[in-house]
Amino acid sequence: MNERQAIRAFLLMSYLVLVTRGIDAGTTDRWEKTGQILKDQRFRKTIIMEDGDVYDCIDVNHQPAFSHSLLKDHKIQMEPSSFPTGLNIKSSFQHEFVQANLSTIDCPIGMVPIQKNSKLDQITVHNINQVSNNHIQHEEAGIKYLDDLYGVRATINVYEPKVKKDNADLSQTGIQIDNGPEGQIDSIVVCYSVAPHYAGDSFARFHVAWTDGVLNKSCIDHNCPGFVQVSKSVGLGGRVQPVSVYNGPQYVITILIFKDPETKNWWLAYGEQNTLIGYWPSSLFTRIKDKGDFSFWGGHVAGPTASIYSPQIGSGHFASEGYGKAAFMRNIQIVDENNKLVTPNKYKDLVGTSDLLKYSVDGYKINKYGMHMYYGGPGILV
Ligand SMILES: *[C@@H]1O[C@H](CO)[C@@H](O)[C@H](O)[C@H]1NC(C)=O
Ligand SMILES: *[C@@H]1O[C@H](CO)[C@@H](O)[C@H](O)[C@H]1NC(C)=O
């Protein structure tokens, strides 16, 4: 194994750990903690969505994040001290696509929506032992990138990949940013995920997750304290709609994660207007406090049978089918040390897939329109 391969193998592991731990390990105890917080709150508004999701509007200053021991004296930041420069440079593309909507809840000003009946958690609690006693398998397709990173951005084509319900596997697509030595990696992930066994349905749902590499603890959405939400309308854990149709209309979500140059908090924004969702306070982290050193853009499947009965990634079609048929990511960018959005350096990436028979990456290019790729595939059709 040369050094690059070694790094790659280790990063794969870190991603796996994040995905599996974020969803499985320790959720019982987090669920109880969050339940406690909610009981102590006086929420004025409960909103039940058409799809059965339930959100409570909670005072922005009393949201779950602030029960984190490191955030007791945290002063909420309602907007970043600055955005990265270069945000408004539009890169053209010959095809039409439209931003999909994240789940929108209409909370009053000064409040934020927190999912109440997070099915993910309840069902996961039920399955912890089953999942963690099994050998977790994983596959992936996308771009890995090794460089100093102060932010990452991409426009992600949204599909609902097929995942068998009884297998406890999941398929997710998104962006990850990491830093830290093996075994102590701090990580942030923003993705859409199809996880029928956990979520109870096969919809694409929007999630944020992070790992404290030192405490070796992961967390999804608001299921344990950490992420500070400022948006009064975006429902984490909610559906992304509409999703793209094979050979039909294409929908995307644009995701931007960036470090506030003054407070060092990691901000999350989405859409063409870079609408703020919230941030991870820098005090949560040790390794990723100042910058990231690794990023992944692409699709990933994980679970007890994710290699034997691999679920789909993206549209479920190989990358070679191209626009409208294969899933794409476009305008892949990083934020550099000067707080500027730039196209990644093509000598610092590793592009590929864990199994060419199941998934592929194609049309990978850096040209005057930026960095882009098609990725995904059928997995194993059983
Ligand atoms: C997103 O939601 C808005 C408001 O409900 C709606 O007008 C718009 O059509 C939706 N976008 C798409 C792509 O469906
Ligand atoms: C992190 O936690 C996981 C699951 O609890 C465990 O398997 C792993 O060994 C831990 N890693 C470290 C470095 O402590």
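The analysis underlying the following values was restricted to heavy atoms, covering all of them including side chains, and did not include hydrogens, waters or symmetry mates.
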Taking Phe285's backbone N and O only, do any of them form a donor-acceptor pair with Lys289's side chain (distance below 3.5 Å, no angle check)?
yes

Donor-acceptor pair, distance only, cut-off 3.5 Å: does the side chain of Asn265 make one with the backbone of Ser282?
yes

Of all heavy-atom pairs between Ile114 and Pro64, which one has the smallest distance, and what is that distance?
CD1-CD, 3.7 Å

Provide the full list of salt bridge (Lys or Arg N to Asp or Glu O under 4.0 Å) pairs with a residue in residues 299-325, sequence neighbours left out, each pair given once.
none

Hydrophobic clusters here meaning ILVMFWY residues chained together by side-chain heavy-atom distances under 4.5 Å, can you tell me if Ile175 and Val361 are in one?
yes

Do Glu140 and Thr353 pair up side chain to side chain, a donor and an acceptor below 3.5 Å, judged on atom types alone?
no

Checking Tyr55 side chain against Gly238 main chain: does a donor-acceptor pair fall under 3.5 Å?
yes

Between Phe328 and Tyr323, is the ring centroid distance below 6.0 Å?
yes

Checking the side chain of Asp56 only, and the main-chain atoms of Ile58 only, is there a donor and an acceptor separated by less than 3.5 Å?
no

Is there a donor-acceptor contact under 3.5 Å linking the side chains of Thr211 and Ser187?
no

Roughly how far, to the nearest 0.5 Å, is the CZ atom of Phe206 from the OG atom of Ser193?
11.5 Å

Given side chains that start at C-beta, do those of Val301 and Leu170 come closer than 4.5 Å, heavy atoms only?
no

Check for a donor-acceptor pair, side chain of Asp59 on one end and backbone N or O of Asn61 on the other, with a separation under 3.5 Å.
yes

Does Thr275 offer a backbone N or O that forms a donor-acceptor pair with the side chain of Gln273 under 3.5 Å?
no

Shortest non-hydrogen pair, Ser218 vs Cys224, comes out as O-SG, 4.1 Å

Residues in salt bridge (charged side-chain N to carboxylate O under 4.0 Å, His left out) contact with Lys232, at least two apart in sequence or another chain:
Asp106

Tightest non-hydrogen contact, residues Tyr159 and Gly324, listed as OH-O, 3.4 Å

Are His74 and Tyr279 close enough that their ring centers fall under 6.0 Å?
yes

When clusters are formed by joining ILVMFWY residues with side-chain heavy atoms under 4.5 Å apart, either directly or through shared neighbours, do Met371 and Ile253 land in the same one?
yes

Nearest 0.5 Å please: distance from the CG atom of Asp290 over to the NZ atom of Lys264.
5.0 Å

Do Asp336 side-chain atoms and Asn338 backbone N/O form a donor-acceptor pair below 3.5 Å?
yes

Sequence neighbours excluded, which residues qualify as salt bridge (charged side-chain N to carboxylate O under 4.0 Å, His left out) partners of Lys358?
Glu139, Asp355

Measure the shortest side-chain to side-chain distance between Arg287 and Pro181 over non-hydrogen atoms and say whether it is less than 4.5 angstrom.
yes

Residues forming a side chain to side chain contact (heavy atoms under 4.5 Å, CB included) with Phe318, sequence neighbours excluded:
Ser320, Ser360, Pro378

Is the centre of the Phe258 ring less than 6.0 Å from the centre of the Tyr150 ring?
no

Give the cluster check for Val112 versus Val230: same hydrophobic cluster or not, with ILVMFWY residues linked at side-chain heavy-atom distances below 4.5 Å.
yes

Close aromatic pair by centroid cut-off 6.0 Å: Phe227 and Trp280
yes

Please report the C-alpha distance between His222 and Gln63 in whole Å, then the side-chain angles of each, then the deciding distance to 0.1 Å, and finally whether the side chain to side chain donor-acceptor pair (under 3.5 Å) criterion is met.
CA-CA 9 Å; His222 292 293; Gln63 58 181 299; 4.6 Å; no

Does any non-hydrogen side-chain atom of Leu236 lie less than 4.5 Å from one of Ile277?
yes

Lys144 to Phe294, cation-pi by 6.0 Å centre distance and 45° axis angle:
no

For Ser233 and Thr104, which I'm curious about, is there any donor-acceptor pair between the side chains at under 3.5 Å?
no

Is Val190 linked to Leu284 within one hydrophobic cluster, defined over Ile, Leu, Val, Met, Phe, Trp and Tyr using a side-chain heavy-atom separation of less than 4.5 Å?
yes

Within the 4.5 Å heavy-atom criterion, are Phe83 and Asn274 side-chain neighbours or not?
yes

Pair Asp53 + Arg205: basic N to acidic O under 4.0 Å:
yes

Met329 CE to Met373 CE distance, which is reported to the nearest 0.5 Å
4.5 Å

Any side-chain heavy atom of Phe296 within less than 4.5 Å of one from Val189?
no

Kindly compute the distance separating CG (Leu341) from CD1 (Ile334), expressed to the nearest 0.5 Å.
9.0 Å

Does atom NZ (Lys346) have a neighbourhood of more than 12 heavy atoms from anything else shown, all under 6.0 Å?
no

Which pairs, with at least one residue in residues 295-319 and sequence neighbours excluded, count as a salt bridge (Lys or Arg N to Asp or Glu O under 4.0 Å)?
none

Apply the test side chain to side chain contact (heavy atoms under 4.5 Å, CB included) to residues Asp293 and Leu146: give CA-CA distance (whole Å), side-chain angles for both, the deciding distance (0.1 Å), then the verdict.
CA-CA 6 Å; Asp293 70 351; Leu146 298 145; over 6 Å; no

For Tyr364, what residues pass the side-chain hydrogen bond (donor to acceptor under 3.5 Å, both in side chains) criterion, not counting sequence neighbours?
Asp349

Report yes if the side chains of Arg239 and Asp51 come closer than 4.5 Å at any heavy-atom pair, otherwise no.
yes

What are the two closest non-hydrogen atoms of Ile105 and Gly235, and how far apart are they?
CD1-CA, 3.4 Å

Under 3.5 Å, is there a donor-acceptor pair between the side chain of Trp266 and the main chain of Ile288?
yes

Sidechain-backbone polar pair: Lys259 side chain, Leu149 backbone, donor-acceptor under 3.5 Å
no

Less than 4.5 Å apart, side chain to side chain, heavy atoms only: is that true for Leu268 and Val208?
yes

Close aromatic pair by centroid cut-off 6.0 Å: Tyr192 and His207
no

Side chains of Gln77 and Thr263: any donor to acceptor distance under 3.5 Å?
yes

At their closest point, which heavy atom of Ser171 faces which heavy atom of Ile313, and how far apart are they?
OG-CA, 3.9 Å

Separation of Gln312 CD from Glu160 CD (nearest 0.5 Å):
11.0 Å

Is the backbone of Thr254 close enough, under 3.5 Å, to the side chain of Thr155 for a donor and an acceptor to pair up by distance?
no

Is it the case that more than 12 heavy atoms not belonging to Lys75 sit under 6.0 Å from its NZ atom?
no

Once rounded to the nearest 0.5 Å, what's the spacing between atom CG of Asp212 and atom SG of Cys219?
10.5 Å

Any carboxylate oxygen within less than 4.0 angstrom of a Lys/Arg side-chain nitrogen, looking at Asp148 and Lys291?
yes

Is it true that Tyr145 and Asp147 share a donor-acceptor pair across their side chains at a distance under 3.5 Å?
yes

Side-chain heavy-atom pair Ile257, Trp267 within 4.5 angstrom cut-off
no

Test side chain to side chain donor-acceptor pair (under 3.5 Å) on Gln137 and Thr305 and set out the steps.
CA-CA 6 Å; Gln137 304 175 336; Thr305 58; 5.6 Å; no

Do Phe203 and Val54 sit in the same hydrophobic cluster, where Ile, Leu, Val, Met, Phe, Trp and Tyr count as joined when their side-chain heavy atoms come under 4.5 Å apart?
no

